[in-house]
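Notes follow once the structure below has been shown.
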Amino acid sequence: MPELPEVETVVRDLRPLLAGRTITSVRRSAQNLRRPWEEQWTATITGTRIEGVRRRGKWILVDVRGKSAKDSPVLRVHLGMTGQFTVVNASEPEPNHLHLVLALDNGTELRLRDQRRFGSAEFFPSRGTLDTAMNADLGPEPFGMNAETFRLSMVGTARNLKAILLDQTIVAGVGNIYADEACFRAKLHPGRSGSSLTADECDRLREAIEAVLTKAIASRGSTIRDYVGGSGLRGGFQNEFAVYGRTGAPCPTCKTLVECVRLAGRASHFCRSCQLSAISRQPDKTK
DNA sequence: CTGTAATCCTGCGAGC
DNA sequence: TGCTCGCAGGATTACA
């Protein structure tokens, strides 16, 4: 479910609900998420005060203030495919697939629910160390990327655009939905190789990524099935998809029927008329 | 270096 | 009505 726009929406929703709150108790299910919860984390996190909530790529970072004044620990959460990270009143009935519950000092609870358990929740003792480690594994945030850096990372590989966009070390936060939507907006076939792109096409793709993500955030992300924001609201961008999940439906630009192929192991949607699979022919300058 | 497939899970819709 | 199959927003690993 959650790609950058969904994670950003969760973070924006949670921020006012969590800032300044103290975690009074921690409760978890018997089942592990992608990473097992270490027992000592429960005691370490209990009694801490939440300083803020951030996003990096598709990761949610809850910064807390440790009990000793110089601590700056972080709770890091990934929503995987079906994760839901919400604040509700503690009196709300507990849904199934609930894996981590942080009780807060105002009668609310921060709940992590994840049907498929592809998500994760981990605790790190040092914010600075964690940020450094994450920056080593993740590419730049997609907003305001350096044009030259982006061109070099595209042109330097024979992989197709879909595989490149899903690679979190190239650009952080793009997933299957927004990779397809960005390629459509840039009028580039997702099967094109990075090395086949002209400088102009690289720029178009970079701008398309930014534009698609910005519009999706404005619509509070996309809900296909499970996704909800930090206050439980569904997204709205699924109603604005140009190609994702629209196999056989008319392209919003030219009415050609949208097709779906498998690229980088993922369903990839495109319009064969709008998204040329070869470099578009330039007008003959000699005439 | 690239691509493909399998893996971790549960649930849903399609087709028989 | 009920069964099996394939597929789903992600990420990592092994292998050809």
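Just so it is clear: chains get the letters A, B, ... in the order the sequence lines come, proteins before strands, and each one is counted from 1. Keep in mind it's a predicted model, so treat the numbers as computed, not measured.
In this structure, A:K162 places its NZ atom 13 Å from P of B:dG3, rounding to the nearest Å. One can place CZ of A:R76 at 12 Å from C1' of C:dA11, the figure rounded to the nearest angstrom. Residue A:N32 contributes atom CG, which lies 12 Å from atom C1' of B:dC8 at whole-angstrom precision. What separates NE2 of A:H78 from C1' of C:dA11 is a distance of 7 Å, to the nearest Å. In this structure, A:L166 atom CG and B:dT2 atom C1' are separated by 15 Å, rounded to whole Å. Distance CG (A:L165) to C1' (C:dG10): 15 Å, rounded to an integer number of Å. Between the P atom of B:dC1 and the CD1 atom of A:I170 lies a distance of 12 Å, rounded to the nearest Å. Protein atom CG of A:D226 is 18 Å distant from nucleotide atom P of B:dC9, rounded to whole Å.
Of the side-chain N and O atoms in A:H97, none sit less than 4.0 angstrom from OP1 or OP2 of B:dT10. Look at A:Q115 and you won't find any side-chain N or O under 4.0 angstrom from OP1 or OP2 of B:dC9. Not one side-chain nitrogen or oxygen of A:R117 sits closer than 4.0 Å to the OP1 or OP2 atom of C:dG10. In this structure, A:R262 reaches the C:dA8 phosphate: one of its side-chain N or O atoms is under 4.0 Å from OP1 or OP2. Look at A:R266 and you'll find a side-chain N or O under 4.0 angstrom from OP1 or OP2 of C:dG10. At B:dT2, one or more side-chain N or O atoms of A:T157 fall inside 4.0 Å of OP1 or OP2 (strictly under the cut-off).
The nucleotide whose nearest atom lies closest to any side-chain atom of A:R34 is, among C:dA11, B:dT2, C:dA8, C:dA11. Comparing C:dA11, B:dG3, C:dG9 by their closest approach to the side chain of A:Q168 singles out C:dA11. Taking every side-chain heavy atom of A:K58 into account, C:dG10 is the closest of C:dA8, C:dG10, C:dG9.
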Pick out the pairs of N or O atoms, protein on one side and nucleotides 13-16 of chain C on the other, that lie under 3.5 Å.
none

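Classified by interplanar angle (parallel below 30°, tilted 30° to 60°, perpendicular above 60°), the ring pair A:F241/A:Y178 is perpendicular.
Comparing the P positions of B:dC9 and C:dG2 gives an interatomic distance of 28 Å, to the nearest angstrom. Here, C:dA11 and B:dG11 have their P atoms 22 Å apart, quoted to the whole Å. Here the separation of B:dA5 from C:dG6, taken at their P atoms, is 13 Å to the nearest Å. For B:dT10 and C:dT1, the C1' atoms lie 22 Å apart once the distance is rounded to whole Å.
The pair A:K162-A:D180 meets the salt-bridge criterion, with a side-chain N (NZ, NE, NH1 or NH2) lying under 4.0 Å from an Asp/Glu carboxylate O. A salt bridge between A:E141 and A:R55 is present, with a side-chain N of the basic residue lying under 4.0 Å from a carboxylate O of the acidic one. Between A:R192 and A:E201 there is a salt bridge, with a side-chain nitrogen of the basic residue lying less than 4.0 Å from a carboxylate oxygen of the acidic one. Ion pairing of A:R246 with A:E181 is absent here, as no side-chain N (NZ or NE/NH1/NH2) approaches a carboxylate O to less than 4.0 Å.
Partner of A:R113 under the side chain to side chain donor-acceptor pair (under 3.5 Å) criterion, chosen from A:T82, A:D226, A:N96, A:T86: A:N96.
Within the 4.0 angstrom heavy-atom criterion, only backbone atoms of the sugar-phosphate kind lie near A:Y244; the bases stay farther away. Across all strands, A:D114 comes closer than 4.0 Å to no nucleic acid atom at all (heavy-atom distances). Residue contacts for A:G265: at a heavy-atom cut-off of 4.0 Å it reaches no nucleic acid atom on any strand shown.
Where A:N96 and A:A158 meet DNA chain B, the nucleotide closest to each residue was compared, and A:A158 sits on the side nearer the 5' end.
For residues 65-74 of chain A, every residue pair satisfying the salt bridge (Lys or Arg N to Asp or Glu O under 4.0 Å) rule, not counting sequence neighbours, is listed here: A:E51-A:R65.
Between A:V228 and A:T223, every side-chain heavy-atom pair lies at or beyond the 4.5 Å cut-off. A 4.5 Å side-chain heavy-atom check between A:C274 and A:F184 finds at least one atom pair inside the cut-off.
Linking ILVMFWY side-chain heavy atoms closer than 4.5 Å, directly or via other members, places A:W59 and A:L165 in two distinct hydrophobic clusters.
Heavy-atom contacts from other residues, nucleotides or ligands closer than 6.0 Å to CZ of A:R28 number more than 12.
With its ring centre under 5.5 Å from that of the base six-membered ring and a plane angle below 30°, A:F118 counts as stacked on B:dC8.
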Dot-bracket encoding of pairs in DNA chain C, which uses [ ] for pseudoknotted crossings and | for another strand, Watson-Crick or G-U under 3.5 angstrom
.|||||||.|||||||
